[in-house]
Amino acid sequence: MRVPIIPIRVSIFVAMILILHGSDGLFKYKNIKCKCYEKSYCEFKKCELKVLGRGIVGLNMHVQAKQLPIISVKAILTTFRQFSGYRPFLYNVTVDICGFLKNPKRFPFLCMVHDAIRNFSNFNHSCPYNDDIIIDRMVLNDEMISRMPVPNGFYKLLVAVATEGIWRGEVEAYVEVNLGYDR
């Protein structure tokens, strides 16, 4: 039996894939903006990015809810990509957060976002919420972006939140995705 000879172009392509697969990707915060529409309902005590180490940036957020308990929560998650300004890109999801936390498999994109936040936050149980929402030193890593089909670039994730049917605030997270093949 004769072994087929692999053409040079195919072997070069496979080598490039292996090199790129082993290269370090980049998925990190660039900026964060938090806004509460009603100061009598909520207040952002902390909304900042902090350098935790060389090249490691962590998100710290503390939202103080002034009217507890929070029984129903609705959110709109929208992703934007920077072209000439930020343009809507790929995801625009409206979800009942209390229903999602009871059955997270219904919304795969939100499930990925929640998996990223869950280990750094107290936002990990279903409604009602009787405490402030705290995210402490949340660091983005390459495994978080590996399941999402996004090309290199700068992105904005906008999360607008409503409770009891009234829009209360929004968070804009700006991130950079660089998978290593154009650096």
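As the structure is a prediction and not an experimental result, all values here were calculated from the model.
- The side chain to side chain donor-acceptor pair (under 3.5 Å) test applied to D136 returns no partner, not counting sequence neighbours.
- Taking CE from M61 and CD1 from I133, the interatomic distance works out to 10.5 Å, rounded to the nearest 0.5 Å.
- Judged by distance alone, with hydrogens and angles left aside, the side-chain atoms of N130 form no donor-acceptor pair with the main-chain N or O of L68 at under 3.5 Å.
- Partners of Y155 according to the ring pair (Phe, Tyr, Trp, His ring centres under 6.0 Å) rule, which considers only residues two or more places apart in sequence or in another chain, are F89.
- Contacts of E164 classified as side chain to side chain donor-acceptor pair (under 3.5 Å), with partners at least two apart in sequence or in another chain: Y41.
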Identify each donor-acceptor pair in which a side-chain atom of residues 30-39 lies under 3.5 Å from a protein atom, sequence neighbours left out, and give them as a table.
from: K30; atom 1: NZ; to: E176; atom 2: OE1; distance (Å): 3.2
from: Y37; atom 1: OH; to: E170; atom 2: OE1; distance (Å): 2.6
from: E38; atom 1: OE2; to: R168; atom 2: NH1; distance (Å): 3.0

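- Residues satisfying the ring pair (Phe, Tyr, Trp, His ring centres under 6.0 Å) test with Y174, not counting sequence neighbours, are Y86.
- Shortest non-hydrogen contact noted between S72 and C98 is CA-SG, 4.0 Å.
- Although no hydrogens or angles enter the test, the distance criterion places a donor-acceptor pair under 3.5 Å between the side chain of T79 and the main chain of Y91.
- Taking CG of L77 as the start and CG of L110 as the end, the distance is 5.5 Å to the nearest 0.5 Å.
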If you apply the rule side chain to side chain contact (heavy atoms under 4.5 Å, CB included), what do you find for F80 with L158, and how did you get there? CA-CA 8 Å; F80 297 85; L158 173 65; 3.9 Å; yes
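- Closest heavy-atom contact between P104 and C111: O-CB, 3.8 Å.
- Of all the heavy atoms in Y29 and M138, the pair that sits closest is CE1-O, 3.2 Å.
- Cluster partners of I56 are L52, V139, counting Ile, Leu, Val, Met, Phe, Trp and Tyr whose side-chain heavy atoms approach within less than 4.5 Å, directly or via other members.
- Going from atom CE of M112 over to atom CD1 of I117 covers 12.5 Å, rounded to the nearest 0.5 Å.
- Open room surrounds NZ on K50; 12 or fewer heavy atoms of other groups in view lie less than 6.0 Å from it.
- The backbone N or O of R137 lies less than 3.5 Å from a partner atom in the side chain of N60, making a donor-acceptor pair.
- The shortest heavy-atom contact between F44 and V171 is CZ-CG2, 3.9 Å.
- Expressed to the nearest 0.5 Å, how far CG of D132 lies from NZ of K45 amounts to 8.5 Å.
- Scanning all heavy atoms of the two residues, the minimum distance from L101 to H125 falls at CD1-O, 3.0 Å.
- Taking 4.5 Å as the limit, every side-chain heavy atom of L140 sits out of range of all side-chain heavy atoms of K28.
- Distance check, rounded to the nearest 0.5 Å: CG of L59 to CD of E48 gives 9.0 Å.
- In the displayed structure, K156 atom NZ is contacted under 6.0 Å by more than 12 heavy atoms of other residues, nucleotides or ligands.
- How far CD1 of I97 is from CZ of F123: 5.0 Å, rounded to the nearest 0.5 Å.
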